[in-house]
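Below, each value reflects all heavy atoms present in this structure, side chains not excepted, and no hydrogens, waters or symmetry copies. The structure presented is a predicted model; accordingly, all values stated were derived computationally and were not measured. Both ligands and their constituent atoms are indexed starting at 1 by order of listing.
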Amino acid sequence: MVAALPLVIQGGMGIAVSNWRLARAVSSRGQLGIVSGTALDSVFVRRLQDGDPCGAVRRALAHFPNREDAAEILRRYFKPNGRAPGEPYALLPMYRQAVSAFRERVTIAANFVEVWLAKEGHQGRVGINLLTKVQMPTMASLYGAMLAGVDVVVMGAGIPREIPGALDALAVHAPATLKFDVDGQPADAPAVLTFDPRAHGFVHAPLRRPDFYAIVAAHTLAANLARKANGRVDGFIVEGPTAGGHNAPPRGALQLNASGEPVYGPRDVVDLAAMRALGLPFWLAGGEGTPEGLAAARREGAAGIQVGTAFAFSDESGFTPDIKRQVLTAVAAGTIAVRTDPRASPTGFPFKIIEMEGLAQQDDSRQRLCDLGYLRTAAARDDGRLDYRCSAAPVREFTNSGGVEAETAGRRCLCNGLMAAAGMAQPTETGLELPVVTSGDGVRALGAIARGRLSYTAADVLSYLGVGASTPA
Ligand SMILES: Cc1cc2nc3c(=O)[nH]c(=O)nc-3n(C[C@H](O)[C@H](O)[C@H](O)COP(=O)(O)O)c2cc1C
């Protein structure tokens, strides 16, 4: 049976903002809940080190197909009483082109657990969101999510041309490959990432091949993916530059306004007639999370909308309660702003950061350290080996591996900053890593949902959008 298309997709928001609780709240009410798979392996081992207080991680892990791995993961990372005050989290080895089988299985297990929990206790569909630019953990993440029966994969922040084919392969437990972007690698001998499910030997029955939705900021990219992806694309999320998180850069040469934000122009407006002509369902994202936005999107031929910001500050999301309360207080007072920072993200994409008084966030004074490494990219050395580097890492580390110093200016460590915003800040010598809080421009309009309160639920968001009453068949 073909599942009915959702009117509302709850956007995947990393790190751990779109957690299993949020996705379950949305999916169990008949819309599409999405978990964020970004850096989920580190989130998973941090939850275990914090004692997994509600027991959810262990409950899901008990269903993981490989019992030995589940036991080994618990042995290494689970702390029944949590960490001692100030005790740093134990870290996973950072991803590289090839990692150990156990390291891969931690990623598989983390994604399995998150999807399993999001699907627990209802019949609704659940999706997972990954960033195309974060290449190295992708296939293990997808496979783990598929072992738990994920229904939809949503990917943007790059051009996910090879993901549909990888999903086809993983569904039959066949090896999958992705081209690996390596700086300085000869074009006639591209580097690849390979993932072989058989090396893990979990199950043999074919898995459901999830639907694949690509996030695009241009109809030309959608057309290109529909034609040239190496497998089936099932739909598109058309995301504009007001959306939270990373934004696609403006077309053409980068121009900045007086406050140093990228200027978007008519060339960045997506041609919805061209989208309709592709004949695949699409959802509009970026400041669309209002009843009027949903109605307008439907009139334009969209199946519905993808909403991030409104869900990001709901009770179920992964932002810390303190961040949510502070943000909703500033929303009520009208003292919140969002800045599109062209430098903050090591990916080079514009990234939105909340600006408000009293919210301590990471800045240039951070003692640079790269210990999570999800945004590291690879560069080929003369001897053929690879260097891994991130422009938010210590400057010397970056330049020693061939990076240009100017690239490091203004960069934020999004790995540690986003992890801190989700309540898993790494202790440092001087305190805790400080958060980086991202949001869409639409945060200023959250008063319509909060209605004077300093907390609201995902169900409140759905009711506000006028889709609250439906439940999945
Ligand atoms: C806190 C936050 C984090 C986000 N992280 C991601 C992400 O990891 N991957 C992604 O594809 N989109 C991400 N987004 C974008 C959302 O999935 C969604 O497309 C967008 O928020 C829709 O626009 P809106 O915020 O105006 O509702 C993020 C948005 C927010 C608010």
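Of the heavy atoms in L131, only side-chain atoms (C-beta onward) come closer than 4.0 Å to ligand 1. Of all the heavy atoms of N129, the ones lying under 4.0 Å from any atom of ligand 1 belong exclusively to the side chain. Using a 4.0 Å cut-off between heavy atoms, H246 makes no contact with ligand 1 at all. In I215, the part holding a heavy atom less than 4.0 Å from any atom of ligand 1 is the side chain.
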Item checked: Full working for side-chain contact (heavy atoms from CB on, under 4.5 Å) between R46 and L91 -> CA-CA 9 Å; R46 289 190 181 195; L91 296 162; 3.5 Å; yes
Item checked: D183 and T377: CA distance, side-chain angles, deciding distance, side-chain contact (heavy atoms from CB on, under 4.5 Å) verdict -> CA-CA 8 Å; D183 205 24; T377 54; over 6 Å; no
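On a distance-only criterion, A243 and ligand 1 share no N/O pair closer than 3.5 Å. Between E288 and ligand 1, not a single N/O pair is under 3.5 Å apart. The shortest N or O to N or O distance between G286 and ligand 1 is below 3.5 Å.
With hydrogens and angles left out, the side-chain atoms of D371 and N416 include a donor and acceptor closer than 3.5 Å.
Ligand 1 lies out of reach of F311, whose nearest heavy atom is not under 4.0 Å from it. Not a single heavy atom of G156 sits closer than 4.0 Å to an atom of ligand 1.
Taking only non-hydrogen atoms, the option from A16, G245, G244 nearest to atom 15 (C) of ligand 1 is G244. Ranked by closest heavy atom to atom 26 (O) of ligand 1, the top entry among G287, G11, G318 is G287. In this structure, of S317, A445, G308, G12, the residue bringing a heavy atom nearest to atom 17 (O) of ligand 1 is G12.
When each of R376, E407, R411 is checked for a side-chain hydrogen bond (donor to acceptor under 3.5 Å, both in side chains) with S391, only R411 meets the rule.
Applying the side chain to side chain contact (heavy atoms under 4.5 Å, CB included) criterion to A312, with sequence neighbours excluded, gives M13, V17, F319.
Of all protein heavy atoms, the one lying nearest to atom 30 (C) of ligand 1 is M13 SD, 3.5 Å.
Ion pairing between K133 and D181 fails under the 4.0 Å rule for side-chain N and carboxylate O. Comment: R325 engages D322 in a salt bridge, judged by a side-chain N to carboxylate O separation of less than 4.0 angstrom. Salt bridge D234/R209: present, at least one basic N to carboxylate O contact under 4.0 Å.
In the vicinity of Q306, heavy-atom distances shorter than 4.0 Å reach the ligand 1 atoms 17 (O), 18 (C), 19 (O), 22 (C).
Within the structure, side-chain hydrogen bond (donor to acceptor under 3.5 Å, both in side chains) contacts touching residues 299-312 (residues at least two apart or in different chains) are R276-E300.
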